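Here's the structure we're looking at; comments come further down.
In listed order, ligands and their atoms are each counted from 1. Quick caveat, the model's predicted, so the values are computed rather than measured. Because only heavy atoms are used, hydrogens play no part in the values below, and waters and symmetry mates are left out as well, while side chains stay in.
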Amino acid sequence: MQDISELYKGYEDKVIDGRRIASEIEGEVKEKVSVLKDEGVEPALATILVGEHPPSKLYVKLKHWACKRVGIRSIDHKLPEDTSEGELLSLIAELNEDDEVDGILVQMPLPRHIDPLKVMRAVSPAKDVDGFHPSNMGRLMQGDESGLVPCTPKGIMIALERYGIEVQGRHAVVVGHSNIVGKPTAAMLLNRNATLSVCHVYTHDLSHHTRQADILVVATGVKGLIRGDMVKKGAVVFDVGITWIEDRVYGDVEFSEVVDVAGLISPVPGGVGPITIAVLMSHTLKAALSRK
Ligand code: NAD
């Protein structure tokens, strides 16, 4: 793992420390899991990984380690790359029926021959710890975030709260419009009364939009897309993108340039990644609480 304290030395007051927030959330989850276990309920998360995509394998492993840290039982389903859509849907149906399983996480992206929307619809909304089921997404769009919502956007909202950043009335710009990050992040910012722009690969003159952002969230997977001259002075910047080159991860934001312009920056690594996993733990706990 890259040493964060070395990477961001001298910029500690500008960096949103995702590992610290994650460890606070995990501490809260661990305490509640322990109470639940004393009452005879052992929260359990089942993960499903299809294929051999190395970053996905790592993300699933990190999720299992987090389960161990907070006392959640984890169940590991690894399926070969050529698993059919029907086989995957049958496994999900089995897990939906299993009273000992609280959360089901299907690691994205899936191989091309499997329709991710069908998979998102197949997971029972009550066990949908990733918050991708249309009924959970629909509630989010209606402004109700009390249920299960997507983990990365939720993690960004938690970071905004914990750093005391006002959202109401501020201009937020989200770059990326995926179902996993961009769209739910946009919905959550709107729910908090931000003025919102959403940009994507077809947006003309991206920097015209990003320069207006008081809060800038970037989730594209394009390494170094956001340069220093694309950011407004004092903006709060969340870098969500992850690009692996050899054994290192890089974000969508050119940290060395943007850190001097931004007021605060959530970097890669050590920003929203660890918070996302901690939120997943809290969602598994939430799903388990409904078993009582
Ligand atoms: P995606 O890969 O499904 O889609 C990419 C998005 O970026 C699209 O909306 C596309 O229009 C936009 N885009 C691509 N090139 C662009 C460009 N040049 N200019 C402007 N927009 C552009 O999106 P995703 O699944 O949200 O993933 C995005 C990135 O975030 C990936 O690197 C992924 O690994 C990372 N990610 C990180 C976490 C985490 O926990 N840290 C979680 C989810 C995704």
What protein heavy atom sits nearest [atom], and how far off is it?
| atom | value |
| --- | --- |
| atom 4 (O) of ligand 1 | S178 CB, 4.3 Å |
| atom 5 (C) of ligand 1 | T220 O, 3.7 Å |
| atom 35 (C) of ligand 1 | V240 O, 3.6 Å |
| atom 42 (C) of ligand 1 | T152 OG1, 3.3 Å |
| atom 44 (C) of ligand 1 | V181 CG2, 3.8 Å |
| atom 29 (C) of ligand 1 | G221 N, 3.6 Å |

Given 3.5 Å as the limit, does a donor-acceptor pair link the side chain of [X] with the main chain of [Y], or not?
| X | Y | answer |
| --- | --- | --- |
| T276 | V272 | yes |
| N191 | L140 | yes |
| N193 | G169 | no |

What about [X]: any of its N or O atoms under 3.5 Å from an N or O on ligand 1?
| X | answer |
| --- | --- |
| I242 | yes |
| T243 | no |
| V201 | yes |
| T276 | yes |

Go through the side-chain N and O atoms of T47 and H77 and say whether any donor and acceptor fall under 3.5 Å apart.
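Looking only at side-chain atoms, H77 and T47 do not form any donor-acceptor pair under 3.5 Å.
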Could you tell me, atom by atom, which parts of ligand 1 come under 4.0 Å of a heavy atom of [X]?
| X | answer |
| --- | --- |
| L225 | 18 (N), 19 (N) |
| G273 | 40 (O), 41 (N) |
| H177 | 8 (C), 9 (O), 11 (O) |

In terms of heavy-atom contacts, P80 and V50 come closest through O-CG1, 3.5 Å
Presence of salt bridge, [Y] and [X], under 4.0 angstrom:
| X | Y | value |
| --- | --- | --- |
| D102 | K127 | no |
| E145 | R192 | yes |
| R20 | E24 | yes |

In this structure, CG of D76 is separated from CD1 of I48 (nearest 0.5 Å) by 10.5 Å
- Query: In terms of the angle between their ring planes, are H200 and H177 parallel, tilted or perpendicular, with boundaries placed at 30° and 60°?
  - Reply: parallel
Practice item. Tell me, with the steps shown, if M120 and H133 meet side-chain contact (heavy atoms from CB on, under 4.5 Å). Key: CA-CA 5 Å; M120 289 173 183; H133 189 280; 5.9 Å; no
Contact between A219 and ligand 1, counting heavy atoms under 4.0 Å?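 For ligand 1, residue contact (heavy atoms, under 4.0 Å) with A219 is present.
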Quiz item: Does T203 have a non-hydrogen atom less than 4.0 Å from ligand 1?
Solution: no
Self-check item: Which segment of V222 sits under 4.0 Å of ligand 1 when only heavy atoms are counted
Solution: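 Under 4.0 Å from ligand 1, V222 contributes side-chain atoms alone.
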Any heavy atom of V175 under 4.0 Å from ligand 1? The part involved is side chain
Output yes when a protein non-hydrogen atom is found under 4.0 Å of atom 32 (O) of ligand 1, and no otherwise.
yes
